[in-house]
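A short write-up of the structure that comes next.
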Amino acid sequence: MTLLPVLVNIKALDDSTVGRFWAEALGWSVSSGHPGETNVGRSGFDWRDPVGVRVDVVAVPEPKTAAKNRVHLDLATTSAAHQAELVARLKALGATPADVGQGHVPWTVLSDPEGNEFCVLEPREGYRDTGPIAAVVVDCADPRAMARFWDAAVDWALHEVTDDHAVFRSAKGVGPYLEFLRIDVKTVPDRNRDRDRDRVHLDLLRYPSDDHETEVPRLRALGATDLDIGQGDVPWRCLTDPEGHEFCVLARA
């Protein structure tokens, strides 16, 4: 029993505006199955049989705080000219420069129209076959601990783990990477005090042959914790990993 990362869930005051931004940014299409939810995915993407991930933008009443998100997207480019063109195009779509303490780096840090940070990377050989999203990047204090939890939780291959980072990718060798990067532990927010919901998180999906009701106990045994964000009686389950990163286990209905 393992789970598949299938959706990057982004919270927004205006899901339609933010969803359209990400669709234009990624060159993907927009759909909406429910009010307050805008789905952004490449043509032909089937979330019940995922290859890679989709972006879902979900409306919430709270604006983003000034705190940096703990999860962000890295966008891939193929040349210096492509990077410059993409940055210019994103700014024209409503992105703004963001300072997250990056200093002088070869990549460009931007924020979407509601302040969710993301990076436009310089060309990197390892990301040439990922599609527009190079990686889903998660800030953490202990990449090795995150590697142990997520390696057992999801059916993606662990490519590398060090004291500074852990790197996963679909076992099929397609789509973006999932990367856990070590940050100064002092910058990790206390999620038990005046909780600020993660604005960006992963949604996971079980295989059709697995039992939905057994996944949550399995994840708890690995170190996950139940999360109540006021979701009420819903078919999915909200949890946090051992460092408090939110994620959801979706039903296949």
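At distances below 3.5 Å, not a single donor-acceptor pair connects side-chain atoms of Asp198 with backbone N or O atoms of His201. Side-chain N or O atoms of Arg206 include none that pairs as donor or acceptor with a backbone N or O of Thr214 at under 3.5 Å.
Taking each heavy atom of Glu117 and Val100 in turn, the nearest pair found is CG-CG1, 4.0 Å. Scanning all heavy atoms of the two residues, the minimum distance from Gly41 to Trp28 falls at O-CB, 3.2 Å. Shortest non-hydrogen contact noted between Glu213 and Pro217 is O-CD, 3.2 Å.
Under the 4.5 Å side-chain heavy-atom criterion for Ile, Leu, Val, Met, Phe, Trp and Tyr, Phe168 and Tyr207 are members of the same hydrophobic cluster. By the criterion of side-chain heavy atoms lying less than 4.5 angstrom apart, applied directly or through intervening Ile, Leu, Val, Met, Phe, Trp or Tyr residues, Val138 is not grouped with Tyr127; the two fall into different hydrophobic clusters. Hydrophobic clustering (side-chain heavy atoms under 4.5 Å, transitive across Ile, Leu, Val, Met, Phe, Trp, Tyr) keeps Val109 apart from Val137. Residues Val60 and Ile10 fall into different hydrophobic clusters, defined by Ile, Leu, Val, Met, Phe, Trp and Tyr side chains chained together at heavy-atom separations under 4.5 Å.
With salt bridges taken as basic N to acidic carboxylate O contacts below 4.0 Å, none links Lys64 and Asp112.
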* Would Asp163 and Arg182 count as a salt bridge (charged side-chain N to carboxylate O under 4.0 Å, His left out) if you check the C-alpha gap in whole Å, the side-chain angles of each, and the deciding distance to 0.1 Å? -> CA-CA 7 Å; Asp163 290 343; Arg182 185 178 64 83; over 6 Å; no

Enumerate donor-acceptor pairs with a distance under 3.5 Å from any side-chain N or O in residues 72-79 to protein atoms, sequence neighbours excluded.
from, atom 1, to, atom 2, distance (Å)
His72, NE2, Asp74, OD1, 3.0
Thr77, OG1, Leu121, O, 2.7
Thr78, OG1, His82, ND1, 3.3
Ser79, OG, His82, N, 3.0

